[in-house]
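When a ligand or atom number is given, it counts from 1 through the structure's own listing order. One-based numbering along the sequence shown. Remember, predicted model here, so these are calculated numbers, not experimental data.
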Amino acid sequence: MRDLVIIGSGPAGLSAAIYAKRAMMDVVVMEKAAFSGGQIVNTEKVDNYLGMPGISGFDMAMKFREHADLFEIEFDDREVMSLEDHGDHKTISLEDGTDLDTRAVLVTTGARHRNLGVPGEEEFAGAGVSYCATCDGAFFRNKEVAVVGGGNIALEDALYLSKMCSKVHLIHRRDEFRGEKILGAQVLETPNIEFHPFAKVTEIGGKPGSLELKIAEQVNGTPEEHMLLVSGMFIAVGTVPLTDFIEGIVELDEAGYVKAGETGQTSVPGIFAAGDVRTKNVRQVATAVGDGAAVIHYVEEYLNRLLK
Ligand code: NAP
């Protein structure tokens, strides 16, 4: 039986894995994605992680993984389907029908992008509508595109796309950004970014390469509807936690995040959560790495009590 199974290989999972290995735990990291790193793999540039100014998300993920490999941490690419609590051990069911027994589990599955939920979104996903500017931006070189959202990701996407696209329309439902002030200021200073405050995309039509976005906008306080023609559209309206496989096992909040404080302890003894997937106010690479490091202290305490 394993001491600890870590589910997810983003910054929280990899940080926890290094601490667990150094604490001499028998640990394995479940990583269903093709790359370690989680959401940062799709981030063009990370400018606020200590000691790595301006690093690309992909390079950062590679560095994190190289660090984990130095400690010879074991990875398993099978998808986790469900989790059962048996008190002193937990059973994890995998996609190939096999089970994995472990004394403790650490959930670090993070989050995935949120859909906008408007007509045409599903139809044009991958055919003009994208959720990843760093992955798909180059398809729209010298073209006009739209970005929807007002958080860090939308602001970063708008800035990234402004370097290669002829024009970027930033469509946000409010006039204030949720993202960092410094990014908001850069966006407003960039000549080929047009900011559309109090605006919503209500429908996506047209054809691949030539999208017709129906926009509901407030102009001088008066509601107006108009069409915006763009080649591509990037949706960056936040994330939703990846917790399907533990629904009904541990307590989740109303948005689906695992209820856990700084100790990572969930409502079930021996099941821990760290990083973006747990209830917290600040979801950054730095806070995920910190979570991963701290939680192992409490996992160790739990294992010591269990094995006494
Ligand atoms: P976010 O901060 O939650 O922002 C989501 C944005 O989408 C908000 O502006 C929100 O509008 C808008 N939105 C949500 N639902 C919408 C809808 N149905 N229609 C239109 N607009 C909608 O999400 P994010 O930008 O994806 O960032 C996710 C997390 O990653 C954040 O905690 C962020 O700080 C973090 N992050 C960290 C780093 C790093 O560590 N360096 C880098 C990037 C991001 P309202 O503002 O009106 O709610």
- What's the shortest distance from atom 48 (O) of ligand 1 to any protein heavy atom, and which residue and atom give it? R178 NH2, 2.7 Å
- Item | Charged N-O contact under 4.0 Å between K63 and D59 | no
- Quick one: which of H172, Q218, E217, R173 gives a side chain to side chain donor-acceptor pair (under 3.5 Å) with H196? E217
- Message: Counting only heavy atoms from other residues, nucleotides and ligands, does the tally under 6.0 Å from CZ of R174 exceed 12?
- Response: yes
- Note on the structure: If you compare I153, V240, V282 by their heavy atoms, the one closest to atom 24 (P) of ligand 1 turns out to be I153
- Consider only side-chain N and O atoms of S267 and E251, and report whether a donor and an acceptor are under 3.5 Å apart. no
- Proximal atoms of ligand 1 relative to N48 (non-hydrogen, under 4.0 Å): 39 (C), 41 (N)
- Message: Students should be able to answer this: which protein heavy-atom is nearest to atom 47 (O) of ligand 1, and at what distance?
- Response: R174 NE, 2.8 Å
- Message: Measuring from non-hydrogen atoms of T43 to any atom of ligand 1, is the shortest distance under 4.0 Å?
- Response: no
- Task: Around atom 4 (O) of ligand 1, find the nearest protein heavy atom and jot down its residue, atom name and distance.
- Result: G151 CA, 3.5 Å
- Query: What residue and atom, counting heavy atoms only, is the protein's closest point to atom 19 (N) of ligand 1, and at what distance?
  - Reply: L116 CD1, 3.5 Å
- Nearest-neighbour protein heavy atom for atom 14 (C) of ligand 1, which is reported as residue plus atom name and distance: V237 O, 3.2 Å
- Is the closest heavy atom of E156 to ligand 1 under 4.0 Å? yes
- Message: Ring-plane angle category for H67 and F71, please: parallel below 30°, perpendicular beyond 60°, tilted otherwise.
- Response: tilted
- Message: Which residue and atom name correspond to the protein heavy atom nearest atom 40 (O) of ligand 1, and how close is it?
- Response: V285 N, 2.9 Å
- Task: Determine, stepwise, if the pair F177 / F195 fulfils ring-ring contact (aromatic ring centres under 6.0 Å, His included).
- Result: CA-CA 11 Å; F177 297 123; F195 180 43; 4.8 Å; yes
- Got the closest protein heavy atom to atom 39 (C) of ligand 1, with its distance? Q284 OE1, 3.3 Å
- Message: To check your reading of the model: name the closest protein heavy atom to atom 29 (C) of ligand 1, its residue, and the distance in Å.
- Response: R283 O, 4.0 Å
- Item | Heavy-atom nearest neighbour of atom 44 (C) of ligand 1 within options V201, T239, N152 | N152
- Consider only side-chain N and O atoms of T43 and E156, and report whether a donor and an acceptor are under 3.5 Å apart. no
- Message: Check contact between E176 and ligand 1, using heavy atoms of the residue and a distance below 4.0 angstrom.
- Response: no
- What part of H172, side chain from CB on, backbone N/CA/C/O, both or neither, has a heavy atom under 4.0 Å from ligand 1? side chain
- Item | Any side-chain donor near an acceptor of the partner, R78 and T98, under 3.5 Å | yes
- May I ask you to decide whether R2 forms a salt bridge with D26, counting only side-chain N to carboxylate O separations under 4.0 Å? yes
- Quick one: which of M60, R173, E180 has a heavy atom closest to atom 11 (O) of ligand 1? R173
- Where the side chain of N192 meets the backbone of C165, is there a donor-acceptor pair that is under 3.5 Å apart? yes
- Query: Does an N or O anywhere in G150 fall below 3.5 Å from an N or O of ligand 1?
  - Reply: yes
- Indicate the ring-plane relationship of Y131 and H113, choosing parallel, tilted or perpendicular according to the 30° and 60° boundaries. parallel
- Query: With a cut-off of 4.0 Å, which atoms of ligand 1 are near a heavy atom of V46?
  - Reply: 41 (N)
